[in-house]
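Encoded as structure tokens, the structure appears first; notes follow it.
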Amino acid sequence: MGVVVIGQIARDLVLRTDGPPATGKSTDILERGELLGGKGANQAVGLAQLGVPVALIGVVGDDHAGTVVVREAQRDGIDVSGVVRRGVTALLIDVVGRPPERMLLEDVPESSLVRVSDLDHAAVWDAADTVSIQLQQPAATALEAARRARDRGLRVVADGVPAAHIRADLLASVDVLRADATEAALIAGEEVATVEKAFALADNLLSAGPKLVALAVPDVGDLLAWKGGSELFEFADVDVVDPTGAGDAFMAGLICALRDGAEPRQAGTRASAAASATVQRLGGRPDLSGLTA
């Protein structure tokens, strides 16, 4: 048994510079990487590195970039039988200057989003115990994926903002919900800039269905809340090279721990360690193979 991740697959171009160029000038690229990326792929890579059998449902283009990223996913040990090919592969450009300077450019064609019909092409459902849904995908796809997972008795994990018109139905089908600081603000309809506001939002979300809620609090840490308890995991005191992919690594660590039967506090500790390891690297691709339970 393993995990099915439903989400974005992209070609990720990562550039490190010594700061943005002045108008009309140029600047040198100090470090460059071209690799498999996207939230769904990053999370799947992290899970594979942690020893979890993982399959990916997503879309890449019918182009050379699509061939390259699919092959990279296969080398990472990810089951790509649920990957659909059409259109043009999404492109993400992560430009990292002097901390905390960072700029993300995205070209995500509509054809690269997962459609409800794409879920039918995946023969991986029967081998799964957990399904992780990236809510940046269309609302209809996210809701249908959650329903299918629930009908099979699988653990349902969702990452992002539930669209307003499906929020009640989706939350009722979800076991675990995570939102970063921006996403938490969109869910709440206001900034969630304090631990107290994060607690209040978590309580509200728990009453709607999820058993476990994870919310990022800006400049503080990650709040993990469940019925009957909560824990705040403060951000580690490490040199942050690039925050890209921290949430994806957090989710990989959390899912792995929950599958191992960890209690919420232990699961949160492992998730935080995964996120901390990732922000010390350039780009969103994690390197979690050295983390242990």
Side-chain angles (χ1 to χ4, degrees), residues 1-8 38-58 78-79 82 114 119 122 124-125 127-139 141-163 166-167 169-180 183-184 187 202 205-206 208-216 222-227 233 245-264 266-272 274-275 286 288:
M1 304 294 281
V3 178
V4 174
V5 177
I6 302 171
Q8 184 185 67
K39 289 186 67 65
N42 286 340
Q43 190 180 115
V45 168
L47 286 164
Q49 292 170 344
L50 291 170
V52 177
V54 59
L56 188 55
I57 296 177
I78 299 168
D79 181 343
V114 183
L119 303 176
V124 295
W125 292 90
D129 54 59
T130 300
V131 171
S132 179
I133 306 165
Q134 311 296 310
L135 298 182
Q136 295 77 13
Q137 299 301 311
T141 303
L143 183 58
E144 178 62 20
R147 285 174 173 168
R148 293 189 188 192
R150 177 61 64 203
D151 288 345
R152 287 171 168 79
L154 311 180
R155 176 187 287 114
V156 183
V157 179
D159 185 7
V161 182
I166 66 162
R167 184 168 298 175
D169 289 340
L170 183 70
L171 291 178
S173 300
V174 166
D175 296 296
V176 180
L177 177 71
R178 177 199 172 265
D180 65 22
E183 293 162 345
I187 294 171
L205 291 169
L206 288 169
K211 300 179 180 66
L212 187 65
V213 171
L215 301 173
D222 291 293
L223 172 67
L224 204 62
W226 59 96
K227 293 173 183 177
F233 298 90
D248 306 327
F250 183 95
M251 289 305 295
L254 186 69
I255 291 169
C256 179
L258 293 174
R259 291 183 73 252
D260 288 344
E263 295 299 319
Q266 182 185 9
T269 298
R270 292 170 62 179
S272 296
L288 308 183

Restricting to non-hydrogen atoms, name the atom on [X] and the atom on [Y] that form the minimum distance, rounded to 0.1 Å.
| X | Y | result |
| --- | --- | --- |
| L177 | V174 | N-CG1, 4.0 Å |
| A202 | A225 | CB-CB, 3.7 Å |
| W125 | L119 | NE1-O, 3.4 Å |
| R155 | L258 | NH2-O, 3.5 Å |
| L254 | G268 | CD1-N, 4.3 Å |
| I6 | A145 | CD1-CB, 3.6 Å |

Does [X] reach the main-chain N or O of [Y] with its side chain, forming a donor-acceptor pair under 3.5 Å?
| X | Y | result |
| --- | --- | --- |
| T130 | V3 | no |
| R178 | A214 | no |
| Q137 | Q134 | no |
| Q49 | P286 | yes |

Q | Given V54, L56, D79, the one that forms side-chain contact (heavy atoms from CB on, under 4.5 Å) with V124 | A |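 The side-chain contact (heavy atoms from CB on, under 4.5 Å) with V124 is passed solely by D79 among V54, L56, D79.
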Answer whether the closest heavy-atom distance between the side chains of [X] and [Y] falls below 4.5 Å.
| X | Y | answer |
| --- | --- | --- |
| R167 | I187 | yes |
| V213 | L205 | yes |
| V5 | I57 | no |
| F233 | T269 | yes |
| R147 | D169 | yes |

To the nearest 0.5 Å, what is the distance between [atom1] on [X] and [atom2] on [Y]?
| X | Y | atom1 | atom2 | value |
| --- | --- | --- | --- | --- |
| D260 | I255 | CG | CD1 | 12.0 Å |
| E144 | L170 | CD | CG | 12.0 Å |
| D159 | S132 | CG | OG | 6.5 Å |

Q) Given the rule in the side chain to side chain contact (heavy atoms under 4.5 Å, CB included) test, do L224 and L212 qualify, once you have shown the distances and angles that lead to the verdict? A) CA-CA 7 Å; L224 204 62; L212 187 65; 3.9 Å; yes
Q. Could D175 and R150 be called an ion pair, given the rule that one side-chain N must be under 4.0 Å from one carboxylate O?
A. yes
Q) Does one side chain, of Q43 or Q8, offer a donor that lies under 3.5 Å from an acceptor on the other? A) no
